[in-house]
Protein chains: 2
Amino acid sequence: MDPVVQLDLSVDRSSPVPLYFQLSQQLEAAIEHGALTPGSLLGNEIELAARLGLSRPTVRQAIQSLVDKGLLVRRRGVGTQVVHSQVKRPLELSSLYDDLEAAGQRPATKVLVNTAVAASAEVAAALGVPEGGEVHRIERLRLAHGEPMAYLCNHLPPGLLDLDTAQLESTGLYRMMRAAGITLHSARQSIGARGAGPAEAERLGETEGAPLLTMRRTTFDDTGRAVEHGDHTYRPTRYSFEFQLLVRP
Amino acid sequence: MDPVVQLDLSVDRSSPVPLYFQLSQQLEAAIEHGALTPGSLLGNEIELAARLGLSRPTVRQAIQSLVDKGLLVRRRGVGTQVVHSQVKRPLELSSLYDDLEAAGQRPATKVLVNTAVAASAEVAAALGVPEGGEVHRIERLRLAHGEPMAYLCNHLPPGLLDLDTAQLESTGLYRMMRAAGITLHSARQSIGARGAGPAEAERLGETEGAPLLTMRRTTFDDTGRAVEHGDHTYRPTRYSFEFQLLVRP
DNA sequence: CAGTGGTCTAGACCACACA
DNA sequence: GTGTGGTCTAGACCACTGT
């Protein structure tokens, strides 16, 4: 039988951090460094609440947040268990710049184009602006260790952001948006593949017809406004999309 | 100013369906068919609870589930608003079979291989079985309208499932797993691209070196056990990965 | 300031799993 | 049966937003 684990848990009621959050952090940390081993039972919620001097709904809220992260599983009539597998993070709205930086690849960006243009039909539809209306176009080449990894073409609605070329070369677009107070909310993505055309091959240092990984994405903020439409091509020998999924219960 | 909408909401206390779920379904339906327009305010929770004869936590639970789906946004001091954009579904653990069926493409499957084999190092590591130990190997060709769309190679731990060839040809692997009482929980995926080798090109009706979309995935059930490892190749002219993402709040 | 969501309490009854 | 999570109530106070 799986053991019921006794943990050293406590909450600080004078802290501004919500109690449920303090608890979920402690539980997550316990799972992280092995104090709660995979498969172990958490002990029932009532008893846990009594031990911490919390109400049951508060304890439930803490546990629920970890269930949502995929770290715990609840079974009615059984209990709450630590999931065995190493669930890391569900897919997030990732930024290539952040991905590369996290991998220690010291990303570099070369801005090829940074100008206002008339919106094509596709861009206009994606951004919700009139066709032929003004939008901002950015073309960038992303490099790691001096090697081209991806060609990024983005369009943004006019006036959304101050698109300084120097800033674009030193950080990622999403970071600039967040810094400008834009709350990213959702994105619609499409990932595919195709053979490289002559210009693409040249830009990325590939041969014509070489397989390329493509990603098209429209990103929305929390008011539902489209804030960015991107058309990216990646060298598949240098980059692939990796992510963890959770099944919606 | 955005209008506060008055809706015709009600709950049935004699129903076995949870009250919060009844409410969230009605709200979702109202958003779906436009009774709640994007940007409109939902009205405060206390008043909504009073109107329905529910407690505030119950109403909050209903609203929270829609916030989690990305349909609503809460702002402290402001209220709860319907998101403007058409958020459909966050990425789920999708099955190619279901994807094709949903697109009305009448998928067909040809089972090429269905046998026990010794686990390669990669498969053994993915499934958590000893290298060289017995695993089950399935190779399938997925067709739509008689045209090959994808080549699917999967490995499963031994004895997990009764892998009937006829059943494999008439439905998808995930459906068979769910029908066998396996609760899918999470998956780790990697999507990339490469040029087709001679055998792959032959199988999919492509020429050698043609770009192919690749997906490698390991799926886990809710006990953390790996239940499947797949290595799939898709014809990019016929298939791409489309999904909606929500930003982690 | 008033109004909103964010957090929290101390109980209650029910449905399901397992022995 | 017993024990678990699932749902629900009727309040409370706090933090933030916008006027």
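Naming: A, B, ... by sequence-line order, numbering from 1 per chain.
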Worksheet item: Between atom CG in A:L19 and atom P in D:dC13, what is the gap in whole Å?
Response: 17 Å
Response to the item:
In whole angstroms, the gap separating P of C:dT7 from CD of A:Q22 amounts to 12 Å
Worksheet item: Heavy atom of residues 53-66 of chain B under 4.0 Å from DNA chain C: which residues?
Response: B:R56, B:R60
Worksheet item: When rounded to the nearest 0.5 angstrom, what distance separates NE2 in B:H155 from CD in B:E228?
Response: 11.0 Å
Discussion item. Looking at D:dC8, I'd like to know if its phosphate oxygens (OP1 or OP2) sit under 4.0 Å from a side-chain N or O belonging to B:Y20.
Written reply: no
Item to complete: Look up atom CG in B:L160 and atom CG in B:D221, then write down how far apart they are to the nearest 0.5 Å.
Response: 8.0 Å
Fill in: Distance (rounded to the nearest 0.5 Å) between A:R217 CZ and A:D231 CG
11.5 Å
Worksheet item: When you check the phosphate oxygens OP1 and OP2 of D:dC13, does a side-chain N or O of A:R13 lie under 4.0 Å from one of them?
Response: no
Worksheet, complete the sentence: Of the listed C:dC18, D:dG18, C:dC8, the closest approach to the A:V78 side chain comes from C:dC18
Worksheet item: Nearest 0.5 Å, what's the OG1-CG distance between A:T58 and A:L19?
Response: 6.5 Å
Worksheet item: How close or far is atom C1' of C:dT4 from atom CG of B:L72, stated in whole angstroms?
Response: 15 Å
Discussion item. Take N1-N3 plus N6-O4 or O6-N4 for Watson-Crick, N1-O2 plus O6-N3 for G-U, both under 3.5 Å. Which runs of 3 or more such pairs involve DNA chain C?
Written reply: C:1-18 with D:1-18
Practice prompt. Could you tell me the separation between the CG atom of B:L245 and the CZ atom of A:R188, rounded to the nearest 0.5 Å?
Written response: 9.5 Å
Worksheet entry | Listed nucleotide nearest any side-chain atom of B:P18, set D:dG5, C:dG6, D:dT7 | D:dT7
Discussion item. For a quick check of understanding: with a heavy-atom distance under 4.0 Å over all strands, which category does B:I46 fall into, base, sugar-phosphate or nothing?
Written reply: nothing
Item to complete: Write down the distance between CG (A:L42) and C1' (D:dG3), rounded to a whole number of angstrom.
Response: 15 Å
Worksheet item: So, does A:Q81 use its side chain to make a donor-acceptor pair with the main chain of B:T223 at under 3.5 Å?
Response: no
Worksheet item: Between B:L168 and B:L173, is a side chain to side chain contact (heavy atoms under 4.5 Å, CB included) present by the stated rule, with each step listed?
Response: CA-CA 7 Å; B:L168 280 168; B:L173 186 55; 4.2 Å; yes
Fill in: Separation of atom CG in A:L41 from atom P in D:dT4, rounded to whole Å
10 Å
Worksheet item: Side chains of A:L71 and A:V82: does their closest heavy-atom pair fall under 4.5 Å?
Response: no
Practice prompt. Starting at CG of A:N154, measure out to NE2 of A:H229 and round the result to the nearest 0.5 Å.
Written response: 9.0 Å
Item to complete: Nearest whole angstrom, please: distance from the P of D:dG5 to the CZ of A:R74.
Response: 7 Å
Response to the item:
B:R76 atom CZ is separated from C:dG5 atom P, nearest whole Å, by 11 Å
Discussion item. It should be established whether A:N44 places a side-chain nitrogen or oxygen under 4.0 Å from OP1 or OP2 of nucleotide D:dG3.
Written reply: no
Fill in: Length of the line joining B:E45:CD and C:dG5:P, which is rounded to integer Å
5 Å
